[in-house]
**Q** 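Sharing a structure with you now.
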Amino acid sequence: MDVSSSVDAVEDQLQRQGLAAALIAPDVQAAFFISPDPVAIQVFEWSGRYNQANLTDWQLIQTPADLVALSATIAGSRRSHNDFPTAMGHALGHAATQFASAPACATQTIDISGDGENNDGFGPRQAYAAFPMDTVTVNGLVINAGEFEAETQLISFYRNNVIKGPGAFLEIANGFADFQDAMRRKLVRELSAMILGQTPQITTPQG
């Protein structure tokens, strides 16, 4: 979750409360429990190159109550920084290191959302080269007002530099007020893709 200086206090709350609400939306909850295997989640916020703060440790989501508890933690969290630039590569590097303490998982996915391009430290492509991320999928959520050229270019930046891995995709929020719905859409799509990816391919016998 992006807490760089371009995100004001109102926008921060729209992100924080939006994520909390999306996690307990009925369609998201249904998607979490399609598979018999639980999903593990960790949430952190990021801004400058030295400014990443975990909001939760890894949480194994085994029941709806686990999702409700995670949602409450996010909703009650407080912003750690508000005056640093956008160090997206460092955020991705931080995310990669967190997998060392994660439960064993069949797939590993990083979700990164933000309202601006990388402007501090190394960028996403350098992070992918420097950290053990060959088997990690990165999906993006662009917070895009779409009124200014720099903001419309942000979509291209994410598509060309941020998302990576098989089936990686980009979701777009039309401003911070749309963050909750965009996050809900992304979670449903992401969780559904994970289940489909576990389905064995059927080979048709040759006649």
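The chain is numbered in sequence order, starting from 1.
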**Q** Output side-chain donor-acceptor pairs under 3.5 Å for residues 18-25, partner residues at least two apart or in another chain, one line each.
**A**
none

**Q** Does one side chain, of Glu190 or Asn139, offer a donor that lies under 3.5 Å from an acceptor on the other?
**A**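 Looking only at side-chain atoms, Asn139 and Glu190 do form a donor-acceptor pair, the distance falling under 3.5 Å.
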**Q** Write down the atom of Gly116, the atom of Met88, and the distance for their closest heavy-atom approach.
**A**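 For Gly116 and Met88, the tightest heavy-atom pair comes out as O-CE, 3.5 Å.
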**Q** Would you sort out whether Asp83 and Ser5 count as a side chain to side chain donor-acceptor pair (under 3.5 Å), showing the intermediate values?
**A** CA-CA 5 Å; Asp83 54 355; Ser5 57; over 6 Å; no
**Q** Any chance you could measure Phe179, atom CZ, to Ser113, atom OG, to the nearest 0.5 Å?
**A**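 One finds 4.0 Å between CZ of Phe179 and OG of Ser113.
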**Q** Could you check if a side-chain atom of Thr56 sits within less than 4.5 angstrom of a side-chain atom of Ile41, using non-hydrogen atoms only?
**A**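 No; the side chains remain at least 4.5 Å from each other.
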**Q** I want to check something: taking the side chain as every heavy atom from C-beta on, are Leu67 and Ser71 in contact at a cut-off of under 4.5 Å?
**A**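 Answer no - side chains too far apart.
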**Q** Which value, rounded to the nearest 0.5 Å, describes the distance between Glu11 atom CD and Asp115 atom CG?
**A**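 CG of Asp115 is found 6.5 Å from CD of Glu11.
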**Q** Does anything in residues 153-174 form a ring-ring contact (aromatic ring centres under 6.0 Å, His included)? List the pairs, not counting sequence neighbours.
**A**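 Listed once each, the pairs would be none.
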**Q** Within a strict 4.5 Å, meaning less than it, do heavy atoms of the Ile110 and Leu92 side chains meet?
**A**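 Side chain of Ile110 against side chain of Leu92, heavy atoms only: contact under 4.5 Å found.
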**Q** Output the distance between atom CD (Glu171) and atom CZ (Arg189), rounded to the nearest 0.5 Å.
**A**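 Those atoms lie 7.0 Å apart.
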**Q** How long is the straight-line distance from CG of Leu141 back to CD of Gln15, given to the nearest 0.5 Å?
**A**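 The CD atom of Gln15 sits 9.0 Å away from the CG atom of Leu141.
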**Q** In the single-linkage hydrophobic clustering (I, L, V, M, F, W, Y; side-chain heavy atoms under 4.5 Å), do Val142 and Trp46 co-cluster?
**A**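 Yes; tracing contacts between hydrophobic side chains, which count when under 4.5 Å, links both residues.
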**Q** Under 4.5 Å between any side-chain heavy atoms of Ile61 and Pro38, yes or no?
**A**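 They are not in contact (no side-chain heavy atoms under 4.5 Å apart), so the answer is no.
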**Q** For the atom pair OG (Ser80) and CG (Leu55), what is the distance rounded to the nearest 0.5 Å?
**A**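 Those atoms lie 7.5 Å apart.
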**Q** Under the side-chain contact (heavy atoms from CB on, under 4.5 Å) rule, collect the residues that match up with Asp178, sequence neighbours excluded.
**A**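 Asp178: side-chain contact (heavy atoms from CB on, under 4.5 Å) contacts with Ala173, Asn174, Asp181, Ala182, Arg185.
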**Q** Does the Gln126 side chain pair with the main chain of Gly123, one donor and one acceptor, at a distance under 3.5 Å?
**A**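 Yes.
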**Q** Answer yes or no: is there a side-chain heavy-atom contact under 4.5 Å between Gln108 and Thr135?
**A**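 The answer is yes, as the side chains (C-beta and beyond) meet within the 4.5 Å cut-off.
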**Q** Below 4.5 Å, heavy atoms only, C-beta onward: do Asp12 and Val7 meet side chain to side chain?
**A**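 Counting from C-beta outward, Asp12 and Val7 do come under 4.5 Å.
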**Q** Side-chain contact, heavy-atom cut-off 4.5 Å: Phe131 with Phe99?
**A**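 SC-SC contact between Phe131 and Phe99 ruled out.
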**Q** Are the side chains of Ile155 and Ile172 in touch, meaning some heavy atoms are under 4.5 Å apart?
**A**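 Heavy-atom side-chain distance check passes, below 4.5 Å.
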**Q** Under 4.5 Å between side-chain heavy atoms, counting indirect links through other Ile/Leu/Val/Met/Phe/Trp/Tyr residues: same cluster for Tyr128 and Leu170 or not?
**A**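 Tyr128 and Leu170: one cluster.
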**Q** With sequence neighbours excluded, what pairs up with Ser77 under the side-chain hydrogen bond (donor to acceptor under 3.5 Å, both in side chains) test?
**A**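 For Ser77 the side-chain hydrogen bond (donor to acceptor under 3.5 Å, both in side chains) partners, ignoring immediate neighbours, are Arg16.
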**Q** Evaluate the criterion side chain to side chain donor-acceptor pair (under 3.5 Å) for residue pair Glu45 and Asn54; output intermediate values, then yes/no.
**A** CA-CA 6 Å; Glu45 59 186 31; Asn54 292 343; over 6 Å; no
**Q** How would you list all residue pairs meeting ring-ring contact (aromatic ring centres under 6.0 Å, His included) that involve residues 60-98, not counting sequence neighbours?
**A**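 Matches after skipping sequence neighbours: Phe44-His94, His81-Phe84, His90-Phe122.
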**Q** Which pairs pass ring-ring contact (aromatic ring centres under 6.0 Å, His included) with one or both residues in residues 20-43, sequence neighbours excluded?
**A**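 Passing the test, one end in residues 20-43: no pairs.
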**Q** Are Val10 and Val3 grouped together when hydrophobic residues (ILVMFWY) are joined by side-chain heavy atoms under 4.5 angstrom apart?
**A**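 Val10 does not cluster with Val3.
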**Q** Could you give the distance from OG1 (Thr86) to CD (Glu117), rounded to the nearest 0.5 Å?
**A**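 Reported value, rounded in 0.5 Å steps: 9.5 Å.
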